[in-house]
Amino acid sequence: MVLQVIDTHIHFWDLNQRINSWVLNQSNEALKQDFLPQTLQQKMQDKLYGAVHIEAHDSRIDTEVEIKWLMAAAQKCPEIQIKHIAYVDMTLPKARFIAKLDKLKQYPQVVGIRHILAYEQGVDYCPESQELSTHANVIANLQILADYNLIFDCQAYPRQLLNLAPHLKASRVKTAIEHCGLPLWENDEQRQLWQQSMRVLSEIEQVALKLSGLQMLGQLAHSKAIIDYAIDCFSYQRLMYASNNPVCFRDNPLEWFETLDQACAGKGEVFYDNALIFYQF
């Protein structure tokens, strides 16, 4: 049984800060409340050593506003070590992208950036409005992230991941693939495309996979097949536990923890060791 845990994908918010209007504008009423570090620690029965907070503010809000709020919130729950993945627009031209990264240097908690790239026609979950995985600036900025020793938290569909793979390899940017690589599972073609993306990405040594998001994608029924294939590709050394709380398992994040604990045979690498090194705790 795992004794210490780092959750590599969580979201906190305080709706009084008025920086998360997307929460209030969506249909899921259960998310329209505050989610704070101490609440997650209680739900996890004090198992958490650390958590990686993934940007959750509106894109119109300066990412530094969320960072400063998070730093204050973290001080009220000192038993959890918190790292942060900030939002930066990956389509920015070089000079503006570098300027954004330079501003983030003052925050030691910031270890990387995310710009959700997930775009796929005909699916329910499509947060991006256009295809960006082949965007020239996105590709060029991967090298800049590597030069700054910042992590690229990558949320994209399998087809997009295959577009990005050669550039992830060439740039050597440390990359965390979110939500099991967003597997689609309705037919053989979708499953095979996801499996291909996992094989290709697993051959890039600085790429790791976060085991999360299957509830959000409606894929819990296929979780064993997905997790087993991920283990076969990445081995336990490049997989990381992630809850995606509160978007997934809002009231009981332990449910997903226990599912993975069984699927991964209680491997400490998946729940603690890999994240400790990857996210620079």
Check: Ion pair present between R114 and E178, side-chain N to carboxylate O less than 4.0 angstrom?
Finding: yes
Margin query: Among residues at least two apart in sequence or on other chains, which ones pass ring-ring contact (aromatic ring centres under 6.0 Å, His included) with F12?
Written below: H53
Notebook entry, point to check: ring-ring contact (aromatic ring centres under 6.0 Å, His included) with F249: which residues, sequence neighbours excluded?
Noted result: W256
Check: Measuring from N141:CG to S171:OG, what's the distance to the nearest 0.5 Å?
Finding: 10.5 Å
Check: With W194, which residues qualify under ring-ring contact (aromatic ring centres under 6.0 Å, His included), at least two apart?
Finding: W185, Y229
Next item on the list: Please say whether more than 12 non-hydrogen atoms of neighbouring residues, nucleotides or ligands are located less than 6.0 Å from CD in E186.
Entry: no
Check: Going by atom types alone, do T91 and N137 pair a side-chain donor with an acceptor below 3.5 Å?
Finding: no
Item checked: With sequence neighbours excluded, residues passing salt bridge (charged side-chain N to carboxylate O under 4.0 Å, His left out) with E255 -> none
Next item on the list: Just jot down the side-chain hydrogen bond (donor to acceptor under 3.5 Å, both in side chains) partners of Y236, sequence neighbours excluded, or say none.
Entry: none
Next item on the list: Would you mind listing every ring-ring contact (aromatic ring centres under 6.0 Å, His included) that reaches into residues 153-183, with sequence neighbours excluded?
Entry: H9-H179
Next item on the list: Could you tell me whether N25 atom CG has more than 12 heavy atoms of other residues or ligands within 6.0 Å of it?
Entry: yes
Next item on the list: Consider only side-chain N and O atoms of E64 and Y107, and report whether a donor and an acceptor are under 3.5 Å apart.
Entry: yes
Margin query: How about CD on E189, more than 12 heavy atoms from neighbouring residues, nucleotides or ligands closer than 6.0 Å, or not?
Written below: no
Checklist line | Interatomic spacing from CG in L209 to CG in L201 - rounded to 0.5 Å | finding: 8.5 Å
Item checked: Test side-chain hydrogen bond (donor to acceptor under 3.5 Å, both in side chains) applied to K32 - qualifying residues, sequence neighbours left out -> E29
Checklist line | Q237, CD: over 12 other non-hydrogen atoms inside 6.0 angstrom | finding: yes
Next item on the list: Taking the six-membered ring for Trp and the full ring for Phe, Tyr or His, determine whether the centres of Y87 and H115 are under 6.0 Å apart.
Entry: yes
Next item on the list: Determine which pairs satisfy ring-ring contact (aromatic ring centres under 6.0 Å, His included) with at least one residue from residues 127-152, sequence neighbours left out, and list them in order.
Entry: none
Checklist line | Contacts of type side-chain hydrogen bond (donor to acceptor under 3.5 Å, both in side chains), residue S133, not counting sequence neighbours | finding: E131, N163
Next item on the list: State which residues pass salt bridge (charged side-chain N to carboxylate O under 4.0 Å, His left out) with D153; sequence neighbours excluded, sorted by chain then number.
Entry: K210
Margin query: For F234, give me all partners under ring-ring contact (aromatic ring centres under 6.0 Å, His included), at least two apart in sequence or on another chain.
Written below: none
Notebook entry, point to check: Which is it for D58 and S21 under the side chain to side chain donor-acceptor pair (under 3.5 Å) test, yes or no, and what are the steps along the way?
Noted result: CA-CA 7 Å; D58 302 329; S21 64; 2.7 Å; yes
Next item on the list: Could you tell me which residues satisfy side-chain hydrogen bond (donor to acceptor under 3.5 Å, both in side chains) with R172, sequence neighbours excluded, listed by chain and number?
Entry: E205
